[in-house]
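Have a look at the structure below before the remarks.
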Protein chains: 2
Amino acid sequence: MIKPRSRRGGGRPTISDVARKAGVGAITVSRALREPERVSEELRRQIQAAVDELGYVPDPNARALASARAEVFGVLVPSLTNNVFAEVVRGIYDSLSDSPFRIQLGNTHYSGLEEERLLQVFGSQRPAALIVAGIDQTPVSRKLLENAGCPVVQVMETGPDPVDMMVGFSHLDGGRTATEHLIEAGYCRIGFIGARMDPRSQRRLAGYRAAMEAAGLFDPRLVTTTPVPSSVSLGREMFRDALAKVPTLDAVFCNNDDIALGVLFECHRTSILVPKTIGIVGFNDLDMMQVAFPSITSIRTHRYEIGRRAVAMALAAIAGDRPEQRIVDLGFELKRRESTAR
Amino acid sequence: MIKPRSRRGGGRPTISDVARKAGVGAITVSRALREPERVSEELRRQIQAAVDELGYVPDPNARALASARAEVFGVLVPSLTNNVFAEVVRGIYDSLSDSPFRIQLGNTHYSGLEEERLLQVFGSQRPAALIVAGIDQTPVSRKLLENAGCPVVQVMETGPDPVDMMVGFSHLDGGRTATEHLIEAGYCRIGFIGARMDPRSQRRLAGYRAAMEAAGLFDPRLVTTTPVPSSVSLGREMFRDALAKVPTLDAVFCNNDDIALGVLFECHRTSILVPKTIGIVGFNDLDMMQVAFPSITSIRTHRYEIGRRAVAMALAAIAGDRPEQRIVDLGFELKRRESTAR
DNA sequence: GGACAATTTGGTAGCGCTACCATTTTCCGC
DNA sequence: GCGGAAAATGGTAGCGCTACCAAATTGTCC
């Protein structure tokens, strides 16, 4: 066995190796790397040469310890496989890829308790910013966010009482708009089919209910929900249930596009005509909605843009200029398609 | 302005605060937290009480710096929104949620250069393990992996020459199996439709070609590919192109399920009968495949399990017992459905 | 040309934790 | 009851970096 190197770290070049080679003080190297404009042209060149020659890469752990601030964005989403959050996360990643910030992604599994645990873990790293999905944090989580000592952006939804900043849209309005569209199209026995029923789904349901009540069409038997995670096959099953419960059903507003697709397939399978016999509206407007036959009406949401905007706001806050607009509503768009064109 | 606290870190309790309160040495607290069995029952209790009372949370950055090892799994995937990788990542997250390990997720965007850059960044943190998608790393990436000084698991594919460990399956065999199934079902003008054409897609194509040549059916005009990222709408367009090129086409093996779904919808739209006029096979077997009408034959792959297995192997290696089986082939399964039931 | 400010560079002292060793205490077996 | 090993505890010295302040150098204005 070879005796371990005297240096515990394992012999990677350190900042003082670079400093020695460049003939400057260690702190100057540190500065040249972080605030190049504060170091003279000449030293900067020498230092860069030494860095390249030694293959020096700063140790983020040491950096974080010394500066009491890690170059990490903490991101908390309820699901990794749900395309909706995947798009938000992609927006976040793309916006951060050219920055020095790393991303710490946490999956809360739609659990408030898990969110608290992850917030605790993330907080212990002193992140540069925190991005969390939703606005329904537990009191404990909310406190953790308030005391995080960094910019916080709540995404996906807007609401009256941000911890710090918010980017999203109103799910209630989205649900209402979708339902009103069906009513205008002439449907009247309009069902709601919702899986998972997380807070955002609940608010879409509330929007549905508001629209239905305003039109005098609401009937609790039209609503079919389950806490089970959403999927295309679940959409099919729930549609069957809804139809068994209310055979006169003539349209469905679906919680999301997966459910809507399941409904469409079941209609095909049982030769129910869409949009003639049944109208279908989805939510989120995944790519497949416009390709489906018939194409499916849906509420287009700007997921990728939400991720990008959240990062932009956090970055601005880190840089010191808090945006005057702390709540950004990116809205949504009703995409009218064949599935509701009676 | 209030004078900043004397302590730079911002006043969070440290290990020596705990030590003082519990009336022990700092190192004993450290041990009680990391190797409780090496500390007496009594001190352990005292220390735990002090930890709870102060709300002490260890600083992972300080820990990483002192021990030259961060409790981080680096995970590199080519896409965050592709459901296939999302499932793998979910398996990884679920397997690691009860461990002290954090996850650093990187998105390479299918770029070798980006992979190199991220490997460099990840490596600078001294991760506990590295999980990377694919087996086609650039020479630079491969060197970085070999020198990472931690267990490395390559996932999604198997191949002859692992950096360290591997979990996946043979995409070539998958492509061959899918194609052979179509041949057995009586199709003969079988097209291949592939988007993105990353290395895994290339190997599926190679499997297709092998099967077609073995049956004396291969014709280069049957192959339609594009480097454009895959989507349902792209599947529809490519199917149109393929049909325009070869009007006698009687089946398609699709690169993945999104493409297959696009093909199915286009068949509906143009009243092409499935499986009578056109047979369809997908790849990955997303949930929607069995719900589609007609249901779509696909190659079921075990994505979630790949993630779990990769973590299990890495964890074992960290614990010191390298598994005797360094290459794990989880295989795949042909799911025969209506879309090929002539 | 001298007083003063602005710019550039460097030294010191930690950040919070653990590796490494030293020391103390406990437990054996005979 | 005693030597020696094992178990339990502690002290010291960093890990690699940056905040904070001090010093040196340059520029500017009258």
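In what follows, chains are A, B, ... by sequence order, proteins preceding strands, each numbered from 1. Just so you know, these numbers come straight off a predicted model, no measurement behind them.
Between B:S111 and B:T108, the side chains place no donor N or O within less than 3.5 Å of an acceptor N or O (distance only, hydrogens not considered). Side-chain polar atoms of B:S30 and B:R34 form a donor-acceptor pair below 3.5 angstrom. B:Q137 and B:E116 share no donor-acceptor pair across their side chains, judged by distance under 3.5 Å alone.
By the 4.5 Å heavy-atom criterion applied to side chains, A:F101 and A:I318 are counted as neighbours.
Rounded to an integer number of Å, the gap from A:E37 CD to C:dT9 C1' is 15 Å. A straight line from CD1 of B:I15 to C1' of D:dG11 spans 14 Å, rounded to a whole angstrom. Atom CZ of A:R69 is separated from atom C1' of C:dG16 by 16 Å (rounded to the nearest Å). The distance from atom CD1 of B:I27 to atom P of D:dA7 is 19 Å, rounded to the nearest whole Å. Between the CG atom of A:L43 and the P atom of C:dT8 there is a distance of 10 Å, given to the nearest Å. If you take CZ of A:R126 and P of D:dC17, they are 19 Å apart, rounded to a whole angstrom. Taking atom CD of residue B:E41 and atom P of nucleotide D:dT9, one finds them 11 Å apart after rounding to whole Å. Here C:dG10 presents its P atom at 15 Å from CD of A:E35, a figure rounded to the nearest Å.
Shown here is B:D98, whose CG atom has no more than 12 heavy atoms of other residues, nucleotides or ligands within 6.0 Å.
Comparing C:dG16, D:dC17, D:dT18 by their nearest atom to the side chain of B:T14 picks out C:dG16. The side chain of B:L65 approaches D:dG16 more closely than any other nucleotide in the set D:dG16, C:dC17, C:dC20. In the set C:dC17, C:dT9, D:dG10, the nucleotide with an atom closest to the side chain of A:R38 is C:dT9.
Contact check, A:S30 against D:dT18: a side-chain N or O comes under 4.0 Å of OP1 or OP2. A close approach under 4.0 Å does not occur between any side-chain nitrogen or oxygen of A:S40 and OP1 or OP2 of C:dT7. For the pair B:R34 and C:dA19, the criterion of a side-chain N or O lying under 4.0 Å from OP1 or OP2 is met. At D:dT9, none of the side-chain N or O atoms of B:T28 fall inside 4.0 Å of OP1 or OP2 (strictly under the cut-off). Within the structure, every side-chain polar atom (N or O) of B:R31 is placed at least 4.0 Å from both OP1 and OP2 of C:dT18.
Using a 4.0 Å cut-off between a side-chain N of Lys or Arg and a carboxylate O of Asp or Glu, A:R90 and A:E87 qualify as a salt bridge. By the 4.0 Å N-to-carboxylate-O rule, B:E157 lies close enough to B:R200 to be salt-bridged with it.
Heavy-atom distances under 4.0 Å link DNA chain C to B:Y56, B:P58, B:D59, B:A62, B:R63 of residues 50-63 of chain B, given in residue order.
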